[in-house]
Amino acid sequence: KELDIPTISTGNILRAAIKNGTPTGMKAKSFMDAGDLVPDDVIIGLVTERLGEPDTEKGFILDGFPRTSAQAVALDAELSKLGRPLSAALLIDVDSEVIVKRLTSRRMCKDCGYEADAQCPKCGGEMYQRDDDNEATVRNRLDVYEKSTSPLIDYYRGCDLLVSIDGDRDPNVVYADVKKALEL
Ligand code: AMP
């Protein structure tokens, strides 16, 4: 919001697709409920389509994508076609047990997706726990991360794009550090 550029969150796009009962949502639901990755072709199609929208011309933040090497390679190809290379790949580094605690106690607003602990302070909407934020599914998501996503750390280090930030601190401190590291 501060930079006036869109955040493209593949998780949010998929949750909206499930809510609206679209074919993509129906395909994705069982993978998401299990904490597994939705197949690459589905995700790459979604992101490619979204990057073609005019609000991305000034820049964009990708959240939750890429999560596999195939997605990273497809993203490189799409961005070089658009003539808009990535400026950074941000790793917000947090210990696994801290992640388990955070996700299992997280509540989101049913209406606008805002994350907080009680009633949504933004719109007053009802808060709920994501279906995949129970402990067993969170632990599977972490295993999937280790196996399929963590190799991307070396991939982006190799491209000289990796920016690593300690995420186990107050959110305002993490945010300030991210802005400093990205020279924003
Ligand atoms: P998130 O909201 O980023 O935590 O994503 C929630 C779930 O959506 C993940 O556990 C996956 O099932 C699915 N998902 C989101 N982004 C991706 C992606 N880039 N590749 C595959 N599956 C994804």
Side-chain angles (χ1 to χ4, degrees), residues 6-53 56 60-79 86 88-117 120 125 127-156 161-162 165 167-168 171 174 178:
T7 298
I8 302 172
S9 155
T10 42
N12 282 349
I13 294 172
L14 292 169
R15 279 183 291 279
I18 291 175
K19 203 169 157 187
N20 296 328
T22 69
T24 300
M26 286 185 311
K27 221 186 277 176
K29 187 169 180 355
S30 59
F31 294 99
M32 292 175 76
D33 284 348
D36 291 331
L37 293 181
V38 174
D40 283 334
D41 58 330
V42 175
I43 296 288
I44 290 166
L46 283 179
V47 174
T48 305
E49 196 180 314
R50 182 64 184 86
L51 285 173
E53 288 178 29
T56 62
F60 51 85
I61 297 167
L62 290 167
D63 170 20
F65 177 92
R67 265 169 149 110
T68 65
S69 302
Q71 292 178 16
V73 169
L75 177 65
D76 284 345
E78 184 59 25
L79 292 180
L86 287 181
L90 185 60
L91 169 66
I92 300 181
D93 203 7
V94 180
D95 176 81
S96 296
E97 288 309 313
V98 176
I99 291 178
V100 172
K101 254 189 223 136
R102 280 188 187 177
L103 296 196
T104 53
S105 61
R106 166 167 77 171
R107 297 293 180 273
M108 293 178 77
C109 175
K110 261 198 170 139
D111 299 329
C112 74
Y114 185 85
E115 293 176 24
D117 296 318
C120 176
M127 305 301 284
Y128 81 111
Q129 182 174 41
R130 266 172 55 170
D131 291 342
D132 58 351
D133 275 349
N134 64 79
E135 183 168 344
T137 308
V138 167
R139 291 198 183 277
N140 186 47
R141 284 157 65 194
L142 287 168
D143 287 346
V144 169
Y145 174 84
E146 273 314 315
K147 197 170 137 252
S148 303
T149 306
S150 68
L152 296 184
I153 295 173
D154 279 342
Y155 178 85
Y156 284 115
L161 287 175
L162 190 76
I165 298 285
D168 197 2
V174 174
V178 167

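Each ligand, and each atom within it, is numbered from 1 in the order the structure gives.
Side chains of Met108 and Tyr128 form a contact here, defined as non-hydrogen atoms less than 4.5 Å apart. Counting heavy atoms from C-beta outward, Val42 and Thr24 have side chains that approach closer than 4.5 Å. With a 4.5 Å cut-off on side-chain heavy atoms, Thr56 and Arg50 count as touching. Residues Leu152 and Ser69 are in side-chain contact: their nearest non-hydrogen atoms beyond the backbone lie under 4.5 Å apart.
A search for salt bridge (charged side-chain N to carboxylate O under 4.0 Å, His left out) contacts involving Asp76 returns nothing, not counting sequence neighbours.
The only member of Val38, Leu46, Ile43 that meets side-chain contact (heavy atoms from CB on, under 4.5 Å) when paired with Thr10 is Ile43.
Listed by chain and residue number, the protein contacts of ligand 1 are Thr10, Gly11, Leu14, Arg15, Met32, Asp36, Leu37, Val38, Ile43, Gly64, Phe65, Arg67, Gln71, Arg130, Asp132, Arg141 (heavy atom within 4.0 angstrom).
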